[in-house]
Enquirer: 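Take this structure, written in structure tokens, and hold onto it; I'll ask about it next.
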Amino acid sequence: MSQCCRPSSGSALGSGAQGTEIYNDVKDYYGKRLKKSEDLKTNACVTPSKSLPKYIRDALGDVHEDVVSRYYGCGLVVPECLENCRILDLGCGSGRDCYMLSKLVGEKGHVTGIDMTDEQDGGEMYFSDVYANLEMPAEIRKHKVLWGECLGGAMWWKDLLIIAEEVGFYPPRLVTASEVTVNNKELEQAVGDYKFVSATFRLFKVPKSAKQNKKYQVVYNGGITGCEAELQFDVNFTFQEGEVVDVDEDTYHILKNSRFAQDFLMRPVTGEVTSKNGGCCRTEAKEITIDPFKLLQQLKTKNTTSKAADCSGQGGCC
């Protein structure tokens, strides 16, 4: 797992004296200049990815207010099926998410929080961070306040795909994306035309399988805590209990070789697939969206279209 507000890679920090300077600047920004969440000048480090289900809200409600008041995370990562899991939270900050997750993993689970580091191993990784639409120039990367606001060190989102492939993970799956707004004239001029999003990606490291160019179908059995009837896997797939869904080859292998295997019925398409409730309707395989900026544009277009349709149905524009 990974949050923002910490150096995310050696290439982002630079090397030698420059890297040390940035490290000290970020440490100073969070240790001395920021005293509480309200001191932030942008919404990058407090951007909610999506509305939270009740069981997560309840767990967060048990966290002490002193910890919550110093929360600077740019996204909240809460995977499904966490009972008995061991979780590593990189960039844990005040530890708010760690305390919350400790309740979800239960007595036999374990949560470790580490701040200001860039190494992690495991079969599944979550990256909840701020990403840029392009590789940014040095003048932005050296800007002390932009570093503190999680923008100066933002990774170009396509670099995550390259890194994932290099370390042997499947292509990242986009889970959520929220627009980052800059509410400060000086910082607006500093970033210019560069855009930023707070996005969460999930990556799986499963045995590689030779591409067979087959179609696959899966059926969610239901029952995962908090997702009994519906599992929102990423922005591309939301699995309803008992519904037959066409998926791409990568999604099939991820589900088959991960901890989700016992929660799905799945097979290549060689005949009719019938769900456990007797249904046979299914969706068509879709184009996989991984670009967070493209997702935001799609959502804006959808919202605009919906508002226009609502107005036209009322006999006039609202």
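Note that the structure is predicted; figures quoted are calculated from it, not measured. Any value given below was found using the heavy atoms of this structure, including those in side chains, with hydrogens, waters and symmetry copies removed.
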Enquirer: Is it true that E149 and K144 make a salt bridge, defined as a side-chain N closer than 4.0 Å to a carboxylate O?
Expert: no
Enquirer: So does N133 get a backbone contact from the side chain of K158, meaning a donor-acceptor N/O pair under 3.5 Å?
Expert: no
Enquirer: Fit a plane to each ring of Y252 and Y216, take the angle between them on a 0 to 90° scale, and name the class: parallel (under 30°), tilted (30 to 60°) or perpendicular (over 60°).
Expert: parallel
Enquirer: Should the ring pair F233 and F260 be called parallel, tilted or perpendicular, given that the plane angle runs from 0 to 90° and is split at 30 and 60?
Expert: perpendicular
Enquirer: Can you tell me how far CG of D234 sits from OG1 of T200, rounded to the nearest 0.5 angstrom?
Expert: 12.0 Å
Enquirer: How many angstroms lie between atom CZ of F293 and atom CH2 of W157, to the nearest 0.5 angstrom?
Expert: 9.0 Å
Enquirer: Distance-only, no hydrogens or angles: does the E230 side chain make a donor-acceptor pair with backbone N or O of E228 under 3.5 Å?
Expert: no
Enquirer: So, does R96 use its side chain to make a donor-acceptor pair with the main chain of V63 at under 3.5 Å?
Expert: no
Enquirer: How long is the straight-line distance from OG1 of T289 back to CZ of R173, given to the nearest 0.5 Å?
Expert: 10.0 Å
Enquirer: Can you tell me how far apart SG (C227) and CZ (F239) are? Round to the nearest 0.5 Å.
Expert: 12.0 Å
Enquirer: Specify the closest pair of heavy atoms between N184 and E186, including all atoms of both residues, with the distance to one decimal.
Expert: OD1-N, 3.1 Å
Enquirer: Where do A59 and L104 come nearest, in terms of heavy atoms and distance?
Expert: CB-CD2, 4.4 Å
Enquirer: Could you tell me the separation between the CE atom of M266 and the NZ atom of K256, rounded to the nearest 0.5 Å?
Expert: 8.5 Å
Enquirer: Measure the CG-OG1 distance between N183 and T181 for me, rounded to the nearest 0.5 Å.
Expert: 4.0 Å
Enquirer: Output yes when a side-chain donor or acceptor of E249 lies under 3.5 Å from a complementary backbone atom of Q212, and no otherwise.
Expert: yes
Enquirer: When you compare the side chains of R86 and T112, does any donor N or O come within less than 3.5 Å of an acceptor on the partner?
Expert: no
Enquirer: Scan side-chain atoms only and decide if E83 and T225 contain a donor-acceptor pair under the 3.5 Å cut-off.
Expert: yes
Enquirer: Only counting residues at least two apart or in another chain, list the ones meeting side chain to side chain contact (heavy atoms under 4.5 Å, CB included) with D159.
Expert: E135, M155, W156, I162
Enquirer: Pick one: which of T251, D250, N257 meets side-chain contact (heavy atoms from CB on, under 4.5 Å) with Y170?
Expert: D250
